Amino acid sequence: MAARAKTKKAKYVYFFGGGKSEGKAKMKQILGGKGANLAEMADLGLPVPAGFTLTTEACNEYYKLGKKKFFELIREEVEKTLAKLEKETGKTFGKGKNPLLLSVRSGAAVSMPGMMDTILNLGMNEETAGILIKRSGNERFVMDSYRRFIQMFGDVVMGVPHHDFEAELDEVKKKKRAKLDTDLSADDLKMVISRYKAVVKRDTGKDFPSDPMEQLFAGIDAVFGSWNNPRAIKYRQLNDIRGLLGTAVNVQAMVFGNSGNNSATGVAFTRDPSTGENRYFYGEYLINAQGEDVVAGIRTPQQITIKGSKEWAKSQRIREKDRKQQFPSLEETMPKVFKRLDRFRVRLEKHYLDMQDLEFTIENGKLYMLQTRNGKRTAAAAVKIATDLVKEGLITEKEAVLRVDPSSLDQLLHPVFIKAAEDKANKLTTGLPASPGAATGQVVFSAHEAELWAEMGKNVILCRTETSPEDIGGMAIAKGILTSRGGMTSHAAVVARGMGICCVAGAGDVEMDYKNKKLNVGKHSIAEGDWISLNGSTGGVYKDEVDTVEPKLAGPFGEIMALADKYRKLGVRTNADTPHDAAVAVKFGAEGIGLCRTEHMFFEGDRIVAFRKLILVAEEVKNLRRGLGLAEGEELKALSKRLEAPLSQYYEALDDLLPLQRSDFKGIFRALKGRPCTIRLLDPPLHEFLPHDAAGQKEMAKTMGVKPAQIKQLVESLHEFNPMLGHRGCRLGMTYPEVTEMQTRAICEAACAVKGSQPEIMVPLVGNVNELVHQKTIIQRTIAMVEKEKKKKLNVLIGTMIEVPRAAMTADEIAKEAQFFSFGTNDLTQMGCGFSRDDAAKFLGEYVANGVYEYDPFQVLDQTGVGRMVETAVKLGRKSRRGLKLGICGEHGGEPRSIAFCHKVGLNYVSCSPYRVPIARLAAAHAVLSK
Ligand code: ADP
Ligand code: MG
Ligand code: MG
């Protein structure tokens, strides 16, 4: 075996063309997308210039062996295949009577537009140029090809800065009073060529190589080398492209779109890539041009179809007469070629069963296909195309569901910037894309100001270093939120996503100067009232207003959602705390609430006053109850006397809160129209409800009728070194059972008032079954009391969050007491991995970059560790209680990879913020359908 493996050399070069390609479309991993599709197109009988592909495995060897050894390894194979190519084309490379010129094109398995390089017209030198002039009788064309070659090779291989060449070209153009490249004559171009050669010599100290073979290997070397240039690495990071071996290199016979006015080059999409419409053939072309000229914007490209051309002219305010003369469509200038190209369009779509992005070149009236690939598209186009292809009978419903990337739906649910407007806007900085959508408004620096301004009918962007629960009111009415600190799970990010408000978080370049009411970023200073714009989908922060458009939810979007619902097994609920959010989520297809956080209900308006009254005496009640605070010799009687005053304030506060909470729950139950609602009892530590700044404390003291010092002392006494592991969750209910009782009563009374309500009471942060037993006793007792008072039978489920590792590991015991579990994977990740949610952003970047964790575990569930706890809890829980209902309510509940995991381990539902509900529905269907 070993001997055979040694003698049997791996294949690194694949020929394509002439109907006998060695590769096919399925071989993208080793041929790259471009190479695989060139082979496939050639075998379909389409006119593809012949060539060969050096595989991605070759690229991998290039890096393993080093350049010298690598070229020893492949030289023979390349030369052999080149000979085959010469035979196929009837030309000889870089010499002879009929010289062959080549393009050297990069192309990985995943397309990375504009990231790596292409060299055209390789094999050109003084000698080949001379022969080509004789053969073609077109000196200008040959000189144009030659100067392009020097420019591309000089840039890509020899590292001559692009603008050094451009400067020379511009100078010659100026001298010759030429406006466009095409205005230059053969002699002018000769002048450009000699100047280019001088630039190469000046910049590199070397002569421009004339030997074709040397040019070819240097070209291959440069393309493989470009795989790991910083630009390409960054691109792969940003687009989460992993696990590729490298790029392939395609070496292909040149065809010339620059050989005169019967030649052209162009790019086209088989359907509109921004809307998905199939109204006409979308594409552009340029006569007498080569390669990238169409996209490079050096001349105004013309439309392919008459219809497209007329629409374009209208948008440019060009009169029909001028259009016909200056910008005619391909359909008009070369009708036969157009018809052929249009047939290829249909053919390729039928073959690839998807919208294609094409490159073509016309040489002396003959059409050549140079590339096809599944075209990149907006989310709107993806949805439209997928549903259309089903109707056209090309793909199945299941395939259509898989064609749409769940995460991309974000684009469809929020207002978005008009692209042209955003492109023109003045970018200040980039932060984290914390909550998608687009927002434009006037800058304010406090939640309070935000509310005041909003009342006056203004659109505001709330700018904070970071936000805290007391900012909720201002956040809710802001058009957008910008923070300079915090990560993707920071308070601002989580709350904004929940509310569907655009948010850019952690924009580290921004310095918030609250005192002077301005923010500084780079050389800009933005004052209160100035306009800025945020792109929550990209993290972009812009100066001034940028125009937006509203999304549409009907049509193809609705069709894809219906298909997703047909195939998914997981239920989808939402995390919502207000009737408004609940209603939005229901509109997006939520089947209930999976997490209703009650703490937000304590913040608004007068509630905070009532709740602060309670907190003011809570500590005292607690201490006196424990008999702490008693002076020596004091007796029980004295104790109860001392308790009287604080207790009465404590109960008063609870009495104030009860009706407010009740009406909140009523509103939510109504919005849910009979759908289930999991309500979590009070969770955050009490100090989060108190003001931490002197001004706020003074104000609170005034409202409470006490001295500011008392408030300050209260805040200090509630201070915790590690609040996330402190006095919160069910630990509050253990100390203050009356709060649990009040909340349960509010829920039950609301449920009595709204027909069809299905409340599920959830105890947070349970780590030990006895905590749950304690709370459950209070809850059950209260339910029974309300039932008796209202003379109604209620069906209230009682369950718990699984968010403490100990709870996950003892889930069998807990399931005996709980009717449902909801995995709080934010806390479970925090405690499971030992990463503070609030501080981990500082170092998690390196963790992900170094591959310690594949993804930020707060964004994508860490399946190996945290996931194993979930899985264990599922198994243990169901063992003790067969019908145990299982859900997830962490941020992961709206993240496609994590949703696939939830499906796999058999949860009943996922719960996520309202605006992620459609994403979760689609991701749940993907989990079933993708293998
Ligand atoms: P990219 O991946 O950036 O699109 P390509 O390798 O597709 O780069 O090439 C860039 C341009 O050069 C395209 O417009 C393509 O059509 C053109 N081109 C590539 N190879 C040839 C060739 N053999 N003959 C004519 N034009 C070519
Ligand atoms: Mg291309
Ligand atoms: Mg939690």
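Whatever order the structure lists them in is the order used to number ligands and atoms, beginning at 1. Note that the structure is predicted; figures quoted are calculated from it, not measured.
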Q371 N/O under 3.5 Å from ligand 1 N/O: yes
What I want to know is whether L120 and ligand 1 share at least one N or O pair that is separated by under 3.5 angstrom. no
In chain order, what residues pass the ring pair (Phe, Tyr, Trp, His ring centres under 6.0 Å) check against F208, with sequence neighbours excluded? F149, F153
Can you sort out the partners of K324 under salt bridge (charged side-chain N to carboxylate O under 4.0 Å, His left out), two or more places apart, ordered by chain and number? none
Looking only at distance, does G291 have an N or O less than 3.5 Å from an N or O of ligand 1? yes
Is ligand 1 under 4.0 Å from a heavy atom in the side chain of K34, in the backbone, in both, or in neither? side chain
Considering only N, O or S atoms, which atom of E359 is nearest to the Mg ion (ligand 2)? OE2
Would you say T118 reaches the Mg ion (ligand 2) with an N/O/S atom under 2.8 Å? no
Could an N or O of ligand 1 be found under 3.5 Å from any N or O of R373, whether backbone or side chain? no
In this structure, does ligand 1 have an atom that sits under 4.0 Å from one of the heavy atoms of A253? yes
Purely on distance, is any nitrogen or oxygen of S106 under 3.5 Å from one on ligand 1? no
Return yes or no for this condition: an N or O of E359 is under 3.5 Å from an N or O of ligand 1. yes
